[in-house]
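Accompanying notes for the structure given below.
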Amino acid sequence: FDAMTRWILISDLHLGHKNPRIYHHERMRIMIDKVVREAPDFVINAGDHINGAVTDGETERRNVQRLWAEYHRVTRPLTERCPVISVIGNHDQTGQAADSKVYCQQTGRAGKQTYYSATIGGVKEIAIDVAKRRHHADFAAGTAQHKWLRQVLARRRQARCTIAVGHFPLFLVPWLYDNWYSDSSLHYNEVNDCEGILLPMLLDAGVDLYLCGHLHIYERTRYQSLTQVMAGAHAEVPIKKLM
């Protein structure tokens with residue numbers, strides 16, 4: 001990879017979590033300050049920027065606005081320093097209908113899709129929305145996003161490195177396959193060797209990395225030519241390990 005382009009992955013800040021012992025805003029500020037001091041060319045946020053609820057009404061609308069205000073306050077030193085590639089997480093969807101409208105407004109994509117691509121310093125980032133079903137993730141064939149991604153991946157490769165980012169992992173332990181964490185269209189099933197829908201597309205296109213979060217741990221997985229890196233900012237983990 002290009003040694004002149006430096007980037008950092010963060011995920012699952014969950015600003016506004018009800019338990020301050022677990023998600024302490026001061027710890028998040030310390031982590032952000034450490035990221036800023038690394039002077040990256042860009043940062044990837046793999047989702048769950050806030051800890052949004054799933055109720056409707058004026059009270060919840062005000063609460064979601066408060067959470068986003070807190071997120072912007074904590075991350076301002078970072079967003080003023082470099083571009084941040086944001087990916088939607090399940091807790092970024094708010095309201096009973098799992099609405100992504102507020103998320104788009106708060107991440108500079110008002111009136112646009114939750115998925116997009118960008119190239120910075122020779123590194124191509126593809127932000128994918130795998131939170132379509134809120135907590136039960138999937139990547140459905142035949143959708144507008146599926147067609148868009150096929151077009152993006154079919155283009156002649158010019159970037160030195162290609163990164164795909166989605167909130168939910170492609171690779172996870174088998175006992176979670178039938179849980180609410182994922183869906184067979186998204187994750188790789190090592191029991192029956194089913195690759196799902198998204199993984200073969202990334203492999204065929206020679207994507208180098210798939211970055212994700214959600215499970216609040218660090219994990220690195222290699223499958224054929226693709227490396228998955230999972231990150232999470234769970235505050236019970238020492239700050240020095242969040243990097």
Side-chain angles (χ1 to χ4, degrees), residues 9-19 22-23 28 44-57 60-61 63-68 70-72 74-75 84-109 112-116 126-140 143-146 149 164-173 175-188 196-199 210-219 228-237:
L9 168 66
I10 62 175
S11 186
D12 295 272
L13 297 185
H14 278 274
L15 267 297
H17 196 281
K18 293 181 179 179
N19 189 339
I22 297 178
Y23 287 92
M28 298 304 169
I44 294 174
N45 187 332
D48 280 359
H49 303 59
I50 66 170
N51 197 66
V54 296
T55 57
D56 290 322
E60 181 58 22
R61 187 192 68 79
N63 182 55
V64 168
Q65 293 295 326
R66 178 185 62 81
L67 297 184
W68 277 110
E70 181 69 5
Y71 169 81
H72 292 308
V74 172
T75 61
V84 176
I85 305 298
S86 290
V87 175
I88 190 168
N90 50 297
H91 284 281
D92 296 323
Q93 297 176 315
T94 51
Q96 293 285 0
D99 190 2
S100 303
K101 180 179 179 181
V102 174
Y103 162 83
C104 290
Q105 292 172 342
Q106 295 290 340
T107 55
R109 296 198 57 77
K112 301 178 182 179
Q113 299 289 352
T114 51
Y115 48 89
Y116 60 99
I126 305 174
I128 304 172
D129 182 352
V130 294
K132 287 294 185 181
R133 297 166 61 188
R134 188 176 271 137
H135 299 299
H136 196 67
D138 68 355
F139 185 85
T143 61
Q145 179 180 206
H146 177 253
L149 182 59
V165 191
H167 181 62
F168 285 77
L170 295 173
F171 304 101
L172 65 166
V173 293
W175 65 268
L176 290 177
Y177 290 169
D178 297 322
N179 202 293
W180 53 268
Y181 284 105
S182 191
D183 181 279
S184 59
S185 66
L186 176 63
H187 70 242
Y188 165 71
I197 296 172
L198 177 58
L199 176 59
Y210 178 77
L211 307 181
C212 59
H214 186 62
L215 296 183
H216 302 179
I217 59 174
Y218 171 80
E219 187 176 88
Q228 172 182 284
V229 177
M230 184 191 307
H234 199 299
E236 288 184 331
V237 178

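Owing to the predicted nature of the structure, the values given are computational and were not obtained by experimental measurement.
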Criterion side-chain contact (heavy atoms from CB on, under 4.5 Å) on Ile126 and Val165, from CA distance to verdict: CA-CA 6 Å; Ile126 305 174; Val165 191; over 6 Å; no
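- Residues Leu67 and Leu15 approach most closely at CD2-O, 3.9 Å, considering heavy atoms.
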Test log, rule side-chain contact (heavy atoms from CB on, under 4.5 Å), inputs Thr114 and Lys132: CA-CA 10 Å; Thr114 51; Lys132 287 294 185 181; 4.2 Å; yes
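- Paired with Ile88 under the rule side-chain contact (heavy atoms from CB on, under 4.5 Å), one option of His167, Gln93, Arg109 passes, and it is Gln93.
- Residues Val74 and Leu13 are not in side-chain contact: their nearest non-hydrogen atoms beyond the backbone lie 4.5 Å or more apart.
- Between His91 and His49, the ring center distance fails the sub-6.0 Å criterion.
- The minimum heavy-atom distance between Val87 and Gly166, with the atom names listed, is CG1-CA, 3.9 Å.
- Taking the six-membered ring for Trp, Phe168 and His187 have ring centres at least 6.0 Å apart.
- The two residues Gly213 and Ser11 make their nearest non-hydrogen contact at CA-OG, 3.4 Å.
- Between Ala127 and Ile85, the shortest heavy-atom contact is CB-CG2, 4.4 Å.
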Chi angles and distances behind the side chain to side chain donor-acceptor pair (under 3.5 Å) call for Asp92, Tyr71: CA-CA 11 Å; Asp92 296 323; Tyr71 169 81; over 6 Å; no
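- A distance of 5.0 Å separates CG in Leu149 from CD1 in Ile128, rounded to the nearest 0.5 Å.
- Of the possible donor and acceptor atoms, none in the side chain of Arg61 sits under 3.5 Å from a partner among the backbone N and O of Gln65.
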side-chain contact (heavy atoms from CB on, under 4.5 Å) assessment of Leu170 paired with Tyr188: CA-CA 6 Å; Leu170 295 173; Tyr188 165 71; 5.6 Å; no
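- Residue Ile10 holds its CD1 atom at 12.0 Å from CG of Leu211, rounded to the nearest 0.5 Å.
- Asp48 places a side-chain N or O within donor-acceptor distance of the main-chain N or O of Asn90, the cut-off being under 3.5 Å.
- For the atom pair CD1 (Ile44) and SG (Cys212), the distance works out to 11.5 Å, reported to the nearest 0.5 Å.
- The CE atom of Met230 lies 9.0 Å from the NE2 atom of His214; values are rounded to the nearest 0.5 Å.
- Contact between Ser185 and Asp138 at its shortest, heavy atoms only, is OG-CB, 3.3 Å.
- Here the closest heavy-atom approach between residue Asp183 and residue Arg133 is recorded as OD2-NH1, 2.7 Å.
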Residues Thr107, Trp68; criterion side-chain contact (heavy atoms from CB on, under 4.5 Å); working and verdict: CA-CA 10 Å; Thr107 55; Trp68 277 110; 4.1 Å; yes
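- Proximity of Thr75 to Val84: side-chain heavy atoms (C-beta onward) are nowhere separated by under 4.5 Å.
- The shortest side-chain heavy-atom distance between Leu199 and Tyr210 does not fall under the 4.5 Å cut-off.
- Not one N or O on the side chain of Asp99 forms a donor-acceptor pair closer than 3.5 Å with the backbone of Thr94.
- Between the side chain of Gln145 and the backbone N or O of Tyr115, no donor-acceptor pair lies under 3.5 Å.
- At distances below 3.5 Å, at least one donor-acceptor pair connects side-chain atoms of Thr143 with backbone N or O atoms of His146.
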